[in-house]
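The next block holds one structure in the form of structure tokens; read it before the comments.
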Amino acid sequence: MKIAVEGCCHGELDKIYETIAFLEKKEEVKVELLLCCGDFQAVRNEGDMKCMAVPAKYKTMQTFYKYYSGEKKAPILTVFIGGNHEASNHLQELAYGGWVAPNIYYLGYAGVIRYKGVRIGGASGIFKSHDYRRGHHEFPPYNPDTLRSVYHIRNIEVFKLKQIQMPIDIFMSHDWPRGIYRHGSTGELLRKKKFLRQEVESNTLGSPAAEELLAHLQPNYWFSAHLHVKFAAVMQHPPKANAAPRVTKFLSLDKCLPHREFLQIVDVQERPGSSEGLEYDPEWLAILKSTNSLQRTTPHPWNPPENNGLHERWDFRPSEAAMMKVIEALSGDLTIPENFSQTVPLYDPNRPNNHLPPSCSTNPQTTELCATLGLTDLYAHVCQGGDEEGGRMMQAGDEDDDEEGSGDELSEYPTDTSGMSSSINPDEITIEDEWEEEEGEEKEVVMGEEKGEEEEVVKGDKPPVGGVNTPSRMVLPLPKSSPSLSNIMDLPPPSHSTPAERHSQSAADREEHCDEDEGDGDGDVSAMRVLKRSSDEIETPGSKSTTPKIKRRNQVIYTAVDDEEGED
């Protein structure tokens, strides 16, 4: 089946769907699923815009509200994760995932679902060490600090994902796993984004939490966005025990703008006999149920339990019996119900209401799931002022009672790296990083031109001059034999665990790697061609180029600390 992968969405749903429709018609293919890697901007009304961390001039309704109100329906089943430019109050309603509009599904703070037997996981937000150990304590109306901390990933989500043992086919994160640039053409990346050199050389570019998850999950594919650049890499994981070594194909994509590499088509091998719609994943639901008592809704620092003699339980990997109990709770039906409902006033473009306050309401989807599985509705809990005395939702008899000690204790995770990042802090790139024309400046070089190929682009609804070259297809490996839950899960058996940390490459090795072609060693990735959308700008008179000349606006933001963010 064909899956489309989008980088940063930034509310451009209409343009993304139009581009996919053009490709389907031109190439006579059918895209069955769209995956968006964050900055989705599910803004429903004016109140939601007040919950989005973007400059005031970018606080526009865009097009999502049409899909929320029912004016339009997504023509392709869409699954997305959160980034760092979101209507956070909306996404907080769906901490465990849910429909934000008909046919558009959010994975939650972290989540795993299945589509036609393919396991798709993701983690929302970006990494910031100073918020990593806190609970999900933010709620509207946000102050300047919580407006940003609300989209920072927390250690509890990483801990949950590290309980997964069955292989993942596809995983999504907004920011990159730290160090992934060593497994692709680092030189090409730095030619496109020169300001990243300091972070690459100091190994502080990307998320250490995502790096840890990549080493543990070892998915077939890992898709990201955030840095507004297309970059591919192939990571060979070290073999564990008697299992065959696994390989992850990494791809980051740009945002939906003219002449940007923002969309990739992937061929995925579906599993025979699987359901046609989205399904819950039993292993993930069992993990949510077993770790429910560990969740926090206060800003007090906290560390997950580990095997250090201080905790009665530290292993929350679900057993087959635990997964079967979850399936029984769902009456044997894993299909995700299409139970979307509107929870806020609709936006009326003819009667805008700029005084509408941000909403802080529970969502029936979350309420229903929590009641079925015995989970805590985090948003309802924090909005009601819960956890005032210790930031806890621990069940009676839990051994981790020393909250004060937990706050002073260093995290057992190497991902809590306060002060590790240097001055630039690229993981807070904002949507101000647009491209404009500038006389005398060299135009952006697109991948096709570098390879001496003619690159065609899609321009709105108008057909391009020479037609579209469909991106090369990257095919996931066929599934392995099914485990004991084969009638329900239809998944490969567990074949890996968290591998040992790999040694960093030497400077000489990195320099040698910089000269390699992108995706070297993997024909599928090196052959990638990415669909782009053309611009409506008019060419400068006298110019012979068909591509507008462009520049980086606000280049100074890449050479200094973003004071507003208060970076590490």
Carefully, step by step, assess Leu253 and Val5 under the rule side chain to side chain contact (heavy atoms under 4.5 Å, CB included). CA-CA 8 Å; Leu253 293 166; Val5 183; 3.9 Å; yes
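- Within the 4.5 Å cutoff, no side-chain heavy atoms of Tyr115 are placed close to those of Tyr105.
- A donor-acceptor pair is defined here as one N or O able to donate and one able to accept, closer than 3.5 Å; such a pair exists between the side chain of Thr63 and the backbone of Gly11.
- Proximity of Asn363 to Tyr379: side-chain heavy atoms (C-beta onward) are nowhere separated by under 4.5 Å.
- Side-chain contact check for Ile120 versus Leu33: some heavy-atom pair is nearer than 4.5 Å.
- No side-chain donor-acceptor contact under 3.5 Å links Ser275 and Arg114.
- No salt bridge links Glu12 with Lys255; every basic N to acidic carboxylate O contact stays at or beyond 4.0 Å.
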For the pair Ile126 and Lys128, evaluate side chain to side chain contact (heavy atoms under 4.5 Å, CB included) and give the outcome as yes or no after the intermediate values. CA-CA 7 Å; Ile126 61 172; Lys128 280 289 175 291; 4.1 Å; yes
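- Contact record, Arg313 with Pro305: O-CB, 3.4 Å, taken as the closest heavy-atom pair.
- Not a single donor-acceptor pair under 3.5 Å links the side chain of Glu211 to the backbone N or O of Gly206.
- The main-chain N or O of Glu46 is never found under 3.5 Å from a side-chain atom of Asn353 such that the two would form a donor-acceptor pair.
- No hydrogens or angles considered: nothing links the side chains of Glu86 and Ser88 as a donor-acceptor pair under 3.5 Å.
- A donor-acceptor contact under 3.5 angstrom links the side chains of Asp14 and Tyr67, judged on distance only.
- With rounding to the nearest 0.5 angstrom, the OH atom of Tyr221 is 13.0 Å from the CZ atom of Phe250.
- Atom NE2 in His10 sits 4.5 Å away from atom CG in Asp39 (nearest 0.5 Å).
- Side-chain atoms of Trp176 never come within 3.5 Å of backbone atoms of His226 as a donor-acceptor pair (strictly under, hydrogens ignored).
- Within the model, atoms OG of Ser149 and OH of Tyr132 stand 16.0 Å from one another, a figure rounded to the nearest 0.5 Å.
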So Trp99 and Asn339, side chain to side chain contact (heavy atoms under 4.5 Å, CB included) or not? Walk me through it. CA-CA 7 Å; Trp99 303 101; Asn339 55 353; 3.7 Å; yes
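- Judged by distance alone, the side chain of Gln342 and the main-chain N or O of Tyr68 form a donor-acceptor pair under 3.5 Å.
- Proximity of Phe223 to Ile81: side-chain heavy atoms (C-beta onward) are nowhere separated by under 4.5 Å.
- Considering only heavy atoms from C-beta on, Arg133 comes within 4.5 Å of Asn303 through its side chain.
- Interatomic distance, CG of Leu13 versus CD of Gln62, reported as 9.5 Å (0.5 Å rounding).
- Between Lys162 and Glu306 there is no salt bridge, since none of the side-chain N atoms of the basic residue sits less than 4.0 Å from a carboxylate O of the acidic one.
- Taking both residues in full, the closest heavy atoms of Ile287 and Phe316 are given as CG1-O, 4.4 Å, listed atom of the first, atom of the second, then distance.
- With rounding to the nearest 0.5 Å, the separation of CD in Glu157 from CG in Leu161 is 7.5 Å.
- Nearest approach of Met49 to Lys59, heavy atoms of both residues: SD-O, 3.1 Å.
- Using a 4.5 Å heavy-atom threshold, the side chains of His90 and Thr343 count as separate.
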How far apart are the C-alpha atoms of Leu214 and Phe171, what are their side-chain angles, what is the distance that settles it, and do they pass the side chain to side chain contact (heavy atoms under 4.5 Å, CB included) test? CA-CA 9 Å; Leu214 174 60; Phe171 196 84; over 6 Å; no
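- Here the CD1-CZ distance, from Ile170 to Arg119, works out to 12.5 Å after rounding to the nearest 0.5 Å.
- A donor-acceptor contact shorter than 3.5 Å links the side chain of Asn292 to the backbone of Thr376.
- For the residue pair Gln163 / Thr291, no side-chain donor-acceptor distance below 3.5 Å is found, with atom types taken as modelled.
- Without hydrogens or angle criteria, His85 side chain to Ala53 main chain gives a donor-acceptor distance under 3.5 Å.
- Looking at residues two or more places apart in sequence or on another chain, you find a side chain to side chain contact (heavy atoms under 4.5 Å, CB included) between Pro102 and Lys73, Phe340.
- Screening Ser173, Ser207, Cys37 for a side chain to side chain contact (heavy atoms under 4.5 Å, CB included) involving Ser224 leaves a single residue, Ser173.
- When only modelled atom types and interatomic distance are considered, Asp333 and Ser331 share no side-chain donor-acceptor pair under 3.5 Å.
- With contacts defined as side-chain heavy-atom distances shorter than 4.5 Å, the pair Trp302/Asn155 qualifies.
- When all heavy atoms are compared, the tightest approach of Leu378 to Ala95 is CD1-CB, 4.3 Å.
- Listed for the Arg154 side chain is no donor-acceptor partner under 3.5 Å among the backbone atoms of Arg296.
- Considering all non-hydrogen atoms of both residues, Pro140 and Asn89 come closest at CG-CB, 3.5 Å.
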Go through Glu93 and Arg44 one step at a time and tell me if the salt bridge (charged side-chain N to carboxylate O under 4.0 Å, His left out) criterion holds. CA-CA 13 Å; Glu93 293 181 8; Arg44 301 164 293 184; 3.1 Å; yes
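- Residues Pro358 and Phe139 form no side-chain contact, since every pair of their non-hydrogen atoms from C-beta on lies 4.5 Å or further apart.
- A distance-only check finds a donor-acceptor pair linking the side chain of Asn103 to the backbone of Ala74 [under 3.5 Å].
- Using modelled atom types, one side-chain atom of Lys50 and one backbone atom of Leu356 make a donor-acceptor pair closer than 3.5 Å.
- Here the closest non-hydrogen pair linking Thr78 and Cys36 is CG2-SG, 4.1 Å.
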